[in-house]
Amino acid sequence: MFSLYLGLRLVVIGVLLDMLLTSASGKEHNYIFDASELDCSGNMTYGPITLTAYHPLYDSDRKRDYLDAQNRKLYTLQEYLDNRAPYVTVGMDPDLRLPYGKEACIPELNRHFRRAVRLQVRDTHEDLRGGGYRRVDICVRTQEDSYDDIVNLLQVSLVL
């Protein structure tokens, strides 16, 4: 019995040592350790723009309150940060007529979260009409998340 206990302890210690000695690249969690990877690539930079937040209203009778412009799931910033979403849904002025799924980048978000935050313009709202490139609405999990300073009336740059 003692030898079984000792054998199990040695296995556990070996596993823990292996975990400690293995270097973490961060790539498996989308973390970026090279600061140059936090920069945004794109053709045009706009700024300053105001970043605001909205959240899905799942208990609403209107599908537009919890689906994007093409009736697809809204992906929140928190889902993306938890590696449960391929991108974060953002909304912009419908008069811009940006193509659905247009890639966008906000370098201030990348630097804040120390990783590339993949944004896609997949939503719009009448409240955004007339804002042009001066406002981006980012989808967050809850109303409480929308109060976070990083997504609430922050002046940022937008790269498309």
Enter the distance from [X]:[atom1] to [Y]:[atom2] here, rounded to the nearest 0.5 Å.
X      : Y      : atom1 : atom2 : value
Lys63  : Leu67  : NZ    : CG    : 7.0 Å
Asp82  : Arg141 : CG    : CZ    : 7.0 Å
Tyr58  : Thr142 : OH    : OG1   : 10.5 Å
Cys40  : Ile106 : SG    : CD1   : 8.0 Å
Tyr133 : Leu98  : OH    : CG    : 5.0 Å
Tyr80  : Leu119 : OH    : CG    : 8.5 Å

Residue pairs fulfilling ring pair (Phe, Tyr, Trp, His ring centres under 6.0 Å) with at least one residue in residues 140-160, sequence neighbours excluded
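Not a single pair qualifies under ring pair (Phe, Tyr, Trp, His ring centres under 6.0 Å).
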For the pair Ile138 and Leu51, evaluate side chain to side chain contact (heavy atoms under 4.5 Å, CB included) and give the outcome as yes or no after the intermediate values.
CA-CA 7 Å; Ile138 187 168; Leu51 184 64; 4.0 Å; yes
According to salt bridge (charged side-chain N to carboxylate O under 4.0 Å, His left out), who are the partners of [X], at least two apart in sequence or on a separate chain?
X      : result
Arg97  : none
Arg72  : none
Asp127 : none
Asp93  : none

Among Arg118, Gln120, Arg122, which residue meets the side chain to side chain donor-acceptor pair (under 3.5 Å) test with Tyr87?
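Single pass found, and it is Arg122.
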Applying ring pair (Phe, Tyr, Trp, His ring centres under 6.0 Å), can you list everything that pairs with Tyr66, at least two apart in sequence or on another chain?
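For Tyr66, no residue satisfies ring pair (Phe, Tyr, Trp, His ring centres under 6.0 Å) once neighbours in sequence are set aside.
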With sequence neighbours excluded, what pairs up with Tyr54 under the ring pair (Phe, Tyr, Trp, His ring centres under 6.0 Å) test?
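For Tyr54 there are no ring pair (Phe, Tyr, Trp, His ring centres under 6.0 Å) partners, ignoring immediate neighbours.
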Within one Ile-Leu-Val-Met-Phe-Trp-Tyr cluster: Leu153 and Leu109, side-chain cutoff 4.5 Å:
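Different clusters.
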Closest heavy-atom contact between [X] and [Y]?
X      : Y      : result
Leu128 : Gly91  : CD1-C, 3.5 Å
Met92  : Thr124 : O-OG1, 2.7 Å
Asp123 : Arg64  : OD1-NH1, 2.9 Å

Not counting sequence neighbours, which residues clear side-chain hydrogen bond (donor to acceptor under 3.5 Å, both in side chains) with [X]? List them please.
X     : value
Thr76 : Glu79
Tyr46 : none
Thr52 : Arg135, Asp137

Backbone N/O of [Y] and side chain of [X]: donor-acceptor pair under 3.5 Å:
X      : Y      : value
Asn110 : Val117 : yes
Arg111 : Arg114 : no
Arg62  : Leu57  : no

Can you find a heavy atom in the side chain of Pro56 that is under 4.5 Å from one in the side chain of Cys139?
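Yes. Closest side-chain heavy atoms under 4.5 Å.
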For the pair His55 and Leu77, evaluate side chain to side chain contact (heavy atoms under 4.5 Å, CB included) and give the outcome as yes or no after the intermediate values.
CA-CA 10 Å; His55 60 92; Leu77 175 62; over 6 Å; no
Among pairs that include at least one residue of residues 148-158, which meet side chain to side chain donor-acceptor pair (under 3.5 Å), considering only residues two or more places apart or in two chains?
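Residue pairs with at least one partner in residues 148-158: Thr50-Gln155, Glu108-Ser157.
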Got a sec, which hydrophobics cluster with Tyr100, joining ILVMFWY side chains under 4.5 Å apart, including via others?
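Tyr100 shares its hydrophobic cluster with no other residue.
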